[in-house]
> 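The structure follows.
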Amino acid sequence: MSFKSQPISVGVTKIFPCSYIETQQEQLLVLQEGDIGLELFEQLLALGFRRSGGTIYKPQCPNCQACLPIRLPARLFTPSRRQKRTLRNNRDLVWKIVDKQTEEHYTLYERYINVRHKDGPMYPASKEQYYHFIASGWLKPIFIELWNKESLIGVAVTDILPNSLSAIYSFFCPDEQKRSLGSLLILIQCRLAKLMDKEFVYLGYQIDESRKMNYKRDYTPYQILTASGWQQAPEE
């Protein structure tokens with residue numbers, strides 16, 4: 001696959017307290033472009049960047065390298081026993097894809113943040129914060145909805161790119177902890193990537209030191225971006 005070259009401008013944020021590791025400070029590389037094509041954004045994903053709304057960023061912290069870009073080779077992914085059990089336990093649910101965000105999405109997001117993430121930077125939830133986080137003028141995500149009969153209980157916001165899917169954010173009903181809906185939404189995205197014949201599913205950053213961000217190694221085989229490029233995790 002060949003790509004056209006395109007110059008880009010990158011800035012650096014001020015140093016601020018890390019949202020995930022209390023003892024660390026955070027700094028980001030931020031792209032200054034107003035419009036990014038899908039092919040270029042996919043190349044940036046492969047270099048460890050992510051997007052939040054229309055902003056593309058990458059951690060460039062002064063004394064920490066805990067944020068590890070992680071992706072799954074979609075065609076090789078096989079659910080573990082635990083993940084197969086999650087799929088079986090949720091056979092009564094229905095999932096579907098929509099291309100527009102709804103008021104019902106925000107209502108679920110607000111409840112999720114205000115119940116499960118009171119100690120996080122997105123608390124308290126607000127519509128302005130939500131739309132700024134999800135929306136982008138140059139890339140329209142899809143929304144994978146999980147339904148329990150007439151009730152919306154989960155949403156995964158996902159970018160579809162030429163050769164991959166990128167998981168932006170998932171939120172779900174806090175009362176449904178036993179269903180492992182966060183895991184289920186990742187498994188659905190992996191299934192969708194296979195159906196669409198995509199090579200990778202980008203899951204963002206694995207942070208081993210963070211209780212809320214250290215679960216992505218459970219999906220195998222995964223790849224971690226290192227100074228030497230993407231490295232396949234050794235089989236256990």
> Can a donor-acceptor pair be found, under 3.5 Å and without considering hydrogens, that links the side chain of Gln83 to the backbone of Asp218?
yes

> Would you please test Leu45 and Asp159 for side chain to side chain contact (heavy atoms under 4.5 Å, CB included) and show each step?
CA-CA 11 Å; Leu45 279 177; Asp159 288 339; over 6 Å; no

> How close do Tyr205 and Met213 get, counting heavy atoms only, and between which atoms?
O-CE, 3.4 Å

> If we only count heavy atoms from C-beta on, is the Arg217 to Asp208 side-chain gap below 4.5 Å?
yes

> Ignoring hydrogens and geometry, is there a side-chain-to-backbone donor-acceptor pair from Gln60 to Gln27 under 3.5 Å?
no

> Would Leu29 and Val12 satisfy side chain to side chain contact (heavy atoms under 4.5 Å, CB included), going step by step from the backbone distance to the final call?
CA-CA 5 Å; Leu29 293 179; Val12 182; 3.7 Å; yes

> With hydrophobic residues grouped by side-chain heavy-atom distances under 4.5 Å, do Ile207 and Ile168 end up in a single group?
no

> Would one find more than 12 heavy atoms of other residues, nucleotides or ligands at under 6.0 Å from atom CD of Gln177?
no

> If we only count heavy atoms from C-beta on, is the Asn214 to Gln206 side-chain gap below 4.5 Å?
yes

> Are side-chain heavy atoms of Arg116 and Phe172 found at a separation under 4.5 Å?
yes

> Verify, without hydrogens or angle tests, whether Ser151 (side chain) and Ile153 (backbone) share a donor-acceptor contact under 3.5 angstrom.
no

> Output yes when a side-chain donor or acceptor of Lys198 lies under 3.5 Å from a complementary backbone atom of Leu161, and no otherwise.
yes

> Looking at Lys127, Gln101, Glu104, Gln129, which one forms a side-chain hydrogen bond (donor to acceptor under 3.5 Å, both in side chains) with Tyr109?
Gln129

> Please examine the side chains of Phe41 and Ile56, heavy atoms only from C-beta on, and report whether any two atoms are closer than 4.5 Å.
yes

> Can you confirm whether Leu87 sits close enough to Leu184 that some side-chain heavy atom of one is under 4.5 Å from a side-chain heavy atom of the other?
yes

> Using the rule side-chain contact (heavy atoms from CB on, under 4.5 Å), only one of Ile70, Val201, Leu76 pairs with Tyr222; which is it?
Ile70

> If I take atom NE2 from residue His117 and atom OG from residue Ser19, how far apart are they, to the nearest 0.5 angstrom?
12.5 Å

> Under a 4.5 Å cut-off applied to non-hydrogen side-chain atoms, are Leu108 and Cys173 in contact?
yes

> Tell me whether Asn63 contacts the main-chain N or O of Gln24 through its side chain, where contact means a donor paired with an acceptor under 3.5 Å.
no

> At what distance, to the nearest 0.5 angstrom, does CG of Asn89 lie from CG of Leu181?
11.0 Å

> Could you tell me the separation between the CE atom of Met196 and the CG atom of Leu165, rounded to the nearest 0.5 Å?
6.0 Å

> Provide the closest heavy-atom pair for Lys194 versus Phe77 in the form atom of the first, atom of the second, distance.
NZ-O, 2.7 Å

> Backbone N or O of Lys96 within a donor-acceptor pair of the Trp147 side chain at under 3.5 Å?
no

> Would you name the heavy atoms of Glu42 and Asn163 that are closest together and state the gap between them?
OE2-N, 2.9 Å

> Do Ile21 and Met122 belong together in a cluster built from hydrophobic side chains that touch within less than 4.5 Å?
no

> Tell me, yes or no, whether the heavy-atom count around Arg111 atom CZ, taken from other residues, nucleotides or ligands under 6.0 Å, exceeds 12.
yes

> Just checking Tyr219: does its OH atom have more than 12 heavy atoms from other residues, nucleotides or ligands closer to it than 6.0 angstrom?
yes

> More than 12 heavy atoms of other residues, nucleotides or ligands under 6.0 Å from NZ of Lys212: is that the case?
yes

> Before giving the answer on side chain to side chain contact (heavy atoms under 4.5 Å, CB included), spell out for Phe16 and Leu28 the whole-Å C-alpha distance, their side-chain angles and the decisive distance to 0.1 Å.
CA-CA 10 Å; Phe16 51 94; Leu28 302 175; 4.2 Å; yes

> Less than 4.5 Å apart, any side-chain heavy atom of Ile97 and any of Leu192?
yes

> At what distance, to the nearest 0.5 angstrom, does CG of Leu203 lie from OH of Tyr215?
7.0 Å

> Between CH2 of Trp95 and CD of Glu145, what distance do you get to the nearest 0.5 Å?
12.0 Å

> How many angstroms lie between CG in Leu187 and OG1 in Thr86, if you round to the nearest 0.5 Å?
6.5 Å

> In sequence, state the C-alpha distance, the side-chain angles, and the governing distance for Ser170 and Gln189, and then conclude on side chain to side chain contact (heavy atoms under 4.5 Å, CB included).
CA-CA 11 Å; Ser170 296; Gln189 288 173 95; 4.2 Å; yes

> List the atom of His105, the atom of Val98, and the distance in Å for their closest heavy-atom pair.
CE1-CG2, 3.9 Å

> Is it the case that one hydrophobic cluster holds both Tyr20 and Phe171, taking links as side-chain heavy atoms less than 4.5 Å apart, direct or via other members?
no

> Looking just at side-chain N and O atoms, do Arg71 and Ser166 make a donor-acceptor pair shorter than 3.5 Å?
no

> Where do Arg51 and Ile134 come nearest, in terms of heavy atoms and distance?
NH1-O, 3.2 Å

> Please tell me whether Phe133 and Val30 are part of a single hydrophobic cluster in this structure, the criterion being side-chain heavy atoms less than 4.5 Å apart.
no

> Measuring only between side-chain heavy atoms, which start at C-beta, is Arg50 closer than 4.5 Å to Tyr57?
yes

> Taking all atoms of both residues into account, what is the closest heavy-atom pair of Asn114 and Lys118, and its distance?
O-CE, 2.9 Å

> Are Leu47 and Val10 connected into the same hydrophobic cluster when the rule is that any two of I, L, V, M, F, W, Y join if their side-chain heavy atoms are below 4.5 Å apart?
yes

